[in-house]
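Please read the structure below before turning to the comments.
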Amino acid sequence: MNSTPAAEVLDGQHAADLRKAARALLKQPLLLAGGRYADEFRLVRRHASELREWFDRNTGWSLQTDAGAARLRKIPGVLTDSTHPAREATRGAAPFTRRRYVLLCLALAALERGEAQITLGRLADQVVLDAADPQLARSGIQFTLDRRDERLDLAAVVRLLLGLGVLRRVTGDEEAYVSGAGDVLYDVERRVLAGLLAARRGPSTVHAGTLADRLTELVAETALDSDELRFRAMRRSLTRRLLDDPVLYYDELSDAELGYLTRQRGFLTSRITELTGLVPEVRAEGIAMVDPEDDLTDLRMPEQGTHGHVTLLLAEHLAAADGPVPADRLAQRVRELTAEHGGFWAKSARQPGMEAELVEQAVARLAALGLVSRTAHGVAPRPALARYAVGETVVRESGAADTPARRAAARTPAQRADRTSAQQAADRTPAQQAAARTPAQQADRTPAQRKAGKP
């Protein structure tokens, strides 16, 4: 008979639902009442007060909820990080170009001023009018949408807005518009549109000269004129990076941030673990919040398919490098890998001249995961890439027993460093385990255990 008090059961269910809601927001910061995330949306609304307080205190992100949508206005820890671009809503998932980002902003401005319904042709006309602004023209941005490639760019922007829930297709098809054979009618979800921008001030009030300064002004907090406010800003920034970045490297922090993280590491990581279930993996070079459920990520490593295989093989190559590797050497390595593994790859990947594209896609994924960095001298491996290094081959004698000692000897230093304390304990012999016990642990063992000599 289960004697667990009802209050404990309810508390456990509440904590589980709160964690599920928080993870849903981290994975999909814009949740709609209808669609594939409807269940998660209802959970977020139910726990909105607790979630709003936690995110505001620990990250500075605001949470807005209403009957139709929940929007977590996430601000990245590193404003200049370009490794996670918007991508096409197609199988190729090509990253957005500068032209498409400009088109996206122009389309949002036109939708904000428009009616509850709009056709793609009408939206295109408004974008062309807005693009004629002299300031845009001076920056080299021009749109006429007379060419097919320009209409393809606009169609990619519209598909992104469809995926976000800003637009809802009523009738028609974007391909028909691109080919000039038809038009498309959309409903405009104004509540979703209004909550899309994640900034602390309106873009029209920003007058800084450089892109980096403009981004900083967009998300700047109040004047940090006291130690308390400066510490709060550091706590929020570090928590944002621990939640969003695959790896937080110490050498990327300022002296003040590193000092604060050193003192408050346990507090910061425990708060994140309590809410999200992410587990801190602390190394000499930095911290990674690891997801045991392998769900809170937009990129995986390794991944199936040709590009995933090429990425893994290049990761092994880069992990063995002593420093930056030039792009031409990586392309040469891909040619060598094609001869060895090309039979398992897609036909297009084996075509002559594809090496540069395969290298670019692989490096882009590795950089987004914090495993490499791009430098003036090539692609440089980062410390976390060591887990993909291949150790020396260990030849075992036929019929030799697979003992813990043999398994331990076969591991590389990186593999040994990655093993948990429980895994390391499992490698010990019974005598080693007995020697590692404290007197209190020895006393806790039953007579039967001591007689049997069990660990």
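Positions are given from 1, in the same order as the sequence printed here. Values below: every heavy atom of this structure, side chains too, minus hydrogens, waters and symmetry copies.
Side chain to side chain, H341 and E336 fail the donor-acceptor criterion of an N or O pair below 3.5 Å. Between R73 and Q64, the side chains place a donor N or O and an acceptor N or O closer than 3.5 Å (distance only, hydrogens not considered). No side-chain donor from either of D328 and Q332 sits under 3.5 Å from a side-chain acceptor of the other.
Remark: side-chain polar atoms of T239 are not paired, donor with acceptor, to backbone N or O of R236 under 3.5 angstrom. Y249 contributes a side-chain N or O that, together with a main-chain N or O of G370, makes up a donor-acceptor pair within less than 3.5 Å.
The line from CG of D291 to NZ of K27 is 9.5 Å long, rounded to the nearest 0.5 Å. Atom OH of Y250 and atom CZ of R283 lie 10.5 Å apart (nearest 0.5 Å). With rounding to the nearest 0.5 angstrom, the CZ atom of R365 is 12.5 Å from the CG atom of L314.
Using a 4.0 Å cut-off between charged side-chain N and carboxylate O, R168 and E189 make a salt bridge.
For the pair V379/L366, no side-chain contact is recorded, criterion being any heavy-atom separation below 4.5 Å from C-beta on. You'll find the side chain of W345 reaches within 4.5 Å of the side chain of V310, heavy atoms only.
Aromatic ring orientation, H14 versus H47: perpendicular (interplanar angle above 60°, classes split at 30° and 60°).
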Worksheet item: Would F143 and R99 count as a side chain to side chain contact (heavy atoms under 4.5 Å, CB included) if you check the C-alpha gap in whole Å, the side-chain angles of each, and the deciding distance to 0.1 Å?
Response: CA-CA 9 Å; F143 293 111; R99 173 187 293 273; 3.0 Å; yes
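Legend: residues meeting side-chain contact (heavy atoms from CB on, under 4.5 Å) with T216, ordered by chain and number and at least two apart, are L79.
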